[in-house]
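To start, the structure itself, in structure tokens.
Quick note: numbers below take in every heavy atom, side chains included, and nothing from hydrogens, waters or symmetry partners. Numbering of ligands and ligand atoms starts at 1, following listing order.
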Amino acid sequence: MSVCLPEKDCSLCPRLVQFRKENQKKFPTYHNAPVEPFGSLDARILIVGMAPGLNGANQTNRPFTNDYAGDVLYPILKKFGFAKGNYDRRKDDGFELIDVRVTNAVRCVPPQNKVIGDEAKTCGRFLAEEIAAMDNLKIILSLGTVSHNAVLRVLGYRQSDYKFAHGVVHRLPQHGIVLLDSYHTSRYNINTGVLTYEMFNAVIEKLCRLLNGAD
Ligand code: SF4
């Protein structure tokens, strides 16, 4: 096992393993295994989503790739200079992240896109390794409460001291990093207006200010 990377047949979450087996039969061309993070461990920014989408990252083996959430996330990252190349919903599209790494709190696709029980806690060992391996890490952008709580848990902070709220910056003193919250860029959140493009744009503007020490 290499750093932050579970075995392809990781069996730690029985429900997700069962779903993986079903999908291997139903979608034999899909990746159908824990999804690899995207971007360098040298990055200063780590973006943490919830879990792979069935027809997105679970198919392509790249977080947020080939699903709606990536269609929102990646163009905005490129707009702010955190990516180059053309995002084309494929792992081999040549799209590259700059100073950013993207991962998920849970590496395997969950049924109905819902993480339950101890799944995030169980998969947290990989997130913990990933964060520990990022020597230049300054900012973690959590997309949604599952990833927010997962980050706090693996770093040893109490969730009651750092409540999730869109656009809020949490300074994590023992680690010298900040945790910035955003609603997830999911189709549901965009369609219902919970998150707009303008709101997400403002979050990335804030991220830039934090990175430059101006916020
Ligand atoms: S979600 Fe994480 S811990 Fe659970 S089976 Fe997948 S890789 Fe293993």
Does a side-chain N-to-carboxylate-O contact under 4.0 Å join Asp42 and Arg101?
-> no

Would you call Arg62 and Asp93 a salt bridge, using N to O less than 4.0 angstrom?
-> yes

Option from Phe80, Phe82, Tyr87 for which ring pair (Phe, Tyr, Trp, His ring centres under 6.0 Å) with Tyr74 holds | Tyr87

Side chain or backbone of Arg20 under 4.0 Å from ligand 1, or both, or neither, by non-hydrogen atoms?
-> side chain

Aromatic ring centroids of Tyr157 and His170 under 6.0 Å?
-> no

Is any N, O or S atom of Cys108 under 2.8 Å away from atom 6 (Fe) of ligand 1?
-> yes

Would you mind telling me which of Val151, Leu155, Val169, Ile139 makes a side chain to side chain contact (heavy atoms under 4.5 Å, CB included) with Leu179?
-> Val151

So the atoms of ligand 1 within less than 4.0 Å of a heavy atom of Leu12 turn out to be 3 (S), 5 (S)

Give a yes or no on whether a salt bridge exists between Arg107 and Glu36, defined as a side-chain N under 4.0 angstrom from a carboxylate O.
-> no

Using a strict 4.0 Å cut-off to heavy atoms of Val106, name the atoms of ligand 1 that fall inside it.
-> 1 (S)

Atoms of ligand 1 less than 4.0 Å from Leu16 heavy atoms?
-> 1 (S)

Below 4.0 angstrom from a heavy atom of Pro6, which ligand 1 atoms are there? Numbered from 1 as shown, please.
-> 7 (S)

Paired with His184, the ring pair (Phe, Tyr, Trp, His ring centres under 6.0 Å) test is passed by just one of Phe200, Phe64, Phe164, Tyr68, namely Phe64

Any N, O or S atom of Cys13 closer than 2.8 Å to atom 4 (Fe) of ligand 1 | yes

Under a 4.0 Å heavy-atom limit, does Cys123 contact ligand 1 with its side chain, its backbone, both, or neither?
-> both

Which heavy atom of the protein is the closest neighbour of atom 8 (Fe) of ligand 1, given with residue, atom name and distance?
-> Cys10 SG, 2.2 Å

For Pro34, atoms of ligand 1 separated by under 4.0 Å from a heavy atom | 7 (S)

